[in-house]
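The structure appears below as structure tokens.
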Amino acid sequence: MNVFPPSARWALLAALGLFSAAANAVDLVTAYEAALQHDPAKLAADQARVAGRELAVQGDALLRPQISLQAGVSRIHDRSSGNIPPALASYLASSATGTVRQAGVVLTQPLYDAKASAQKQQLHLQSDLAETQFEQSRQDLVQRVSEAYFGVLLAEEALRVAQAEKAALALQRDRAQARFDVGRGKITDLREAQARYDQVVTKEISARSTLDLRRAGFRETTGLPAEGLAGLAEGFVPNAPVPGGLEAWQERGEEHSTLVLAKRSQLEIATAEIGKYRLAARPTLNLVASYTGTGQSGNLSPLQGMDGRSTGSVGLQFNVPLYAGGGIDSRERESIAKQGQAEQDLATARRDVRLRVQDAFLAVTTGVSRVASLTESLQSARTALEATMLGRDVGTRTAPDVLDAQQRMFEAELALAQARFDYLLGRVRLSAAAGELGLSDLRTLNGLLASR
């Protein structure tokens, strides 16, 4: 029995439909969260981070106790060629065969090992580098998702403009055809309209191909469908970056950029490499403790003392390297050269970050005025089109004038869309260049979108 009246059922179905549409809506944050679980480059970075963390564990292990179990079995055949004294004849046979078993536990605790200490520090630095590279991959994913997302939106806008222009030109062509058929129009106007229409058909095909390609890229990155993405909200107004000075952003970039941090870590690792080989000639001191038990079988002489014997020992082991064929000195010279290379790589990274920050900063700051200017330009183009169409109707303007005005208006629409998305991508790239790009930036950009 249905307890809902027809009107209530339709209201319920509508509400469920809206809920389903909202649940399936894809915005920028949703796309990023999906890419975290789908993008192979990000998944590879996750595994590289896990591997990098193990380097610190390996470094700590260098100065910790090392315990080993040693065991062996030997088959012995003993034969005497001389005369055995009568007093020992009952204990020593002229020929004996048997098996000797030996097992023991050895503990080695480094007390002083300068090279191992330097190597431990280096492994910890390499583990820190892995964390920095993971953060770099995360920010790279945020940027790639943003570029793919806004790339789809821009391609959709380009296709929409091309289709709108195609529809407008179709109307102008049909109007020119009708006027020509009744003898009031020129054949040149008809051919001009047809030529413009054919051009925009080609433009539409190209725009549709670009959209398909960008949607495919979005799907490959996020694993989500690229249709129905949330677009820019009405009344979108870009804002200037905060802080408003280029120098402040460049300082933040040199301090927080993952590119600079990675090169700085590589310089520290190269410096630790020098210390490792400079300390390689230092003596080492280890505490060594062992416990060994032996046993024998067969007709071996009990005088050998191997049956049921156990030995425990504790001592110090001192080792001084004297000569290694010149290999250690060569490795030290190699590491010094690599340190110099790392210093120059760090300087290059700082320069690149300053330039990237400047490029993105200018894209954002000029984007604000560019969007405002193109908004006014679009409004002027629309007004000009209306005036041109009115002039054509009263005989002061021609049909080609209308076609030109229409083309300028659609070009202004596409230029404005391009400027808006350039501004948004500029904000993403500015935060990335400063090393501060994260989920909070995506949420801020998400506030500029409106679900469809």
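For the side chain to side chain contact (heavy atoms under 4.5 Å, CB included) criterion with Leu28, the lone passing option out of Val142, Leu442, Asp441 is Leu442. Residue Asp404 is tested with Arg392, Arg196, Arg397 for a salt bridge (Lys or Arg N to Asp or Glu O under 4.0 Å); the sole match is Arg196.
Using a distance-only test at 3.5 Å, with no hydrogens or angles considered, a donor-acceptor pair links the side chain of Thr365 to the main chain of Leu362. Proximity of a side-chain donor or acceptor of Asp401 to a complementary backbone N or O of Thr398 within less than 3.5 Å is detected. The backbone N or O of Pro243 lies less than 3.5 Å from a partner atom in the side chain of Trp249, making a donor-acceptor pair. The backbone N or O of Arg354 sits less than 3.5 Å from a side-chain atom of Gln250, completing a donor-acceptor pair. Side chain of Gln66 to main chain of Arg64: a donor-acceptor pair is present (N/O by atom type, distance under 3.5 Å, no hydrogens or angles). Under the 3.5 Å distance criterion, the side-chain polar atoms of Ser369 are matched with a main-chain donor or acceptor of Thr366. Side-chain N or O atoms of Ser206 include none that pairs as donor or acceptor with a backbone N or O of Thr202 at under 3.5 Å. A distance-only check finds no donor-acceptor pair linking the side chain of Ser377 to the backbone of Ser373 [under 3.5 Å]. Judged by distance alone, with hydrogens and angles left aside, the side-chain atoms of Ser290 form no donor-acceptor pair with the main-chain N or O of Val105 at under 3.5 Å. Put simply, the side chain of Gln121 never gets that close to the backbone of Gly275: no donor and acceptor are under 3.5 Å apart.
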Practice prompt. Kindly indicate, with the supporting measurements, whether the criterion salt bridge (charged side-chain N to carboxylate O under 4.0 Å, His left out) is fulfilled by Glu411 and Arg408.
Written response: CA-CA 5 Å; Glu411 288 176 349; Arg408 286 192 293 270; over 6 Å; no
Worksheet item: So Gln139 and Glu135, side-chain hydrogen bond (donor to acceptor under 3.5 Å, both in side chains) or not? Walk me through it.
Response: CA-CA 6 Å; Gln139 293 192 24; Glu135 176 63 20; 3.0 Å; yes
Worksheet item: Run the side chain to side chain contact (heavy atoms under 4.5 Å, CB included) check on Leu154 and Arg214 step by step: do they pass?
Response: CA-CA 10 Å; Leu154 179 58; Arg214 292 187 178 177; 4.1 Å; yes
Item to complete: Show your reasoning for whether salt bridge (charged side-chain N to carboxylate O under 4.0 Å, His left out) applies to Glu156 and Arg215.
Response: CA-CA 10 Å; Glu156 289 178 346; Arg215 281 178 172 173; 3.1 Å; yes
Discussion item. Leu414 vs Gln418, test: side chain to side chain contact (heavy atoms under 4.5 Å, CB included). Steps then yes/no.
Written reply: CA-CA 6 Å; Leu414 188 57; Gln418 181 72 59; 5.7 Å; no
Practice prompt. Using the side chain to side chain contact (heavy atoms under 4.5 Å, CB included) rule, take Tyr423 and Arg370 through it: C-alpha gap first, then chi angles, then the decisive distance, then the call.
Written response: CA-CA 9 Å; Tyr423 164 81; Arg370 184 181 171 204; over 6 Å; no
Discussion item. As a quick check of understanding, evaluate side chain to side chain contact (heavy atoms under 4.5 Å, CB included) for Leu316 and Asn286, giving each step before the final call.
Written reply: CA-CA 6 Å; Leu316 297 176; Asn286 297 328; over 6 Å; no
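Thr271 and Gln339 form a side-chain donor-acceptor contact under 3.5 Å, judged by distance and modelled atom types alone. Judged by distance alone, the side chains of Asp198 and Gln194 do bring a donor and an acceptor atom under 3.5 Å apart. For the residue pair Arg282 and Tyr112, a side-chain donor N or O sits within less than 3.5 Å of a side-chain acceptor on the partner. In this model, no donor atom of one side chain and acceptor atom of the other lie less than 3.5 Å apart for Gln407 and Glu165.
Across all non-hydrogen atoms, the minimal contact from Tyr277 to Ser335 is CD1-OG, 4.3 Å. Here the closest non-hydrogen pair linking Phe150 and Leu424 is CE2-CD1, 3.7 Å. Across all their heavy atoms, Ala434 and Val357 have their closest contact at N-CG2, 4.3 Å. Smallest separation of non-hydrogen atoms from Leu43 and His38: CD1-O, 4.1 Å. Here the closest heavy-atom approach between residue Gly104 and residue Leu69 is recorded as O-CD1, 3.2 Å. The shortest heavy-atom contact between Leu63 and Lys120 is CD1-CD, 4.0 Å.
Remark: Arg49 pairs with Glu131 by the salt bridge (charged side-chain N to carboxylate O under 4.0 Å, His left out) rule, at least two apart or across chains.
Taking OG from Ser146 and CG from Leu437, the interatomic distance works out to 6.5 Å, rounded to the nearest 0.5 Å. To the nearest 0.5 Å, atom CD of residue Glu334 and atom CD1 of residue Ile274 are 11.0 Å apart. The NE2 atom of His124 lies 12.5 Å from the CD1 atom of Ile269; values are rounded to the nearest 0.5 Å. Expressed to the nearest 0.5 Å, how far CG of Leu403 lies from CG of Asp189 amounts to 8.0 Å. One finds the CZ atom of Phe134 at 12.0 Å from the OG1 atom of Thr258 (value rounded to the nearest 0.5 Å). How far CZ of Arg264 is from CG of Leu259: 10.5 Å, rounded to the nearest 0.5 Å.
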Output side-chain donor-acceptor pairs under 3.5 Å for residues 218-226, partner residues at least two apart or in another chain, one line each.
from: Thr221; atom 1: OG1; to: Gly217; atom 2: O; distance (Å): 3.0
from: Thr222; atom 1: OG1; to: Phe218; atom 2: O; distance (Å): 2.8
from: Thr222; atom 1: OG1; to: Leu224; atom 2: N; distance (Å): 3.2

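Sequence neighbours left out, the pairs with a member in residues 378-391 that pass salt bridge (Lys or Arg N to Asp or Glu O under 4.0 Å) are Arg382-Glu413.
Under the 4.0 Å criterion applied to side-chain N and carboxylate O atoms, Arg429 and Glu147 are assigned as salt-bridge partners.
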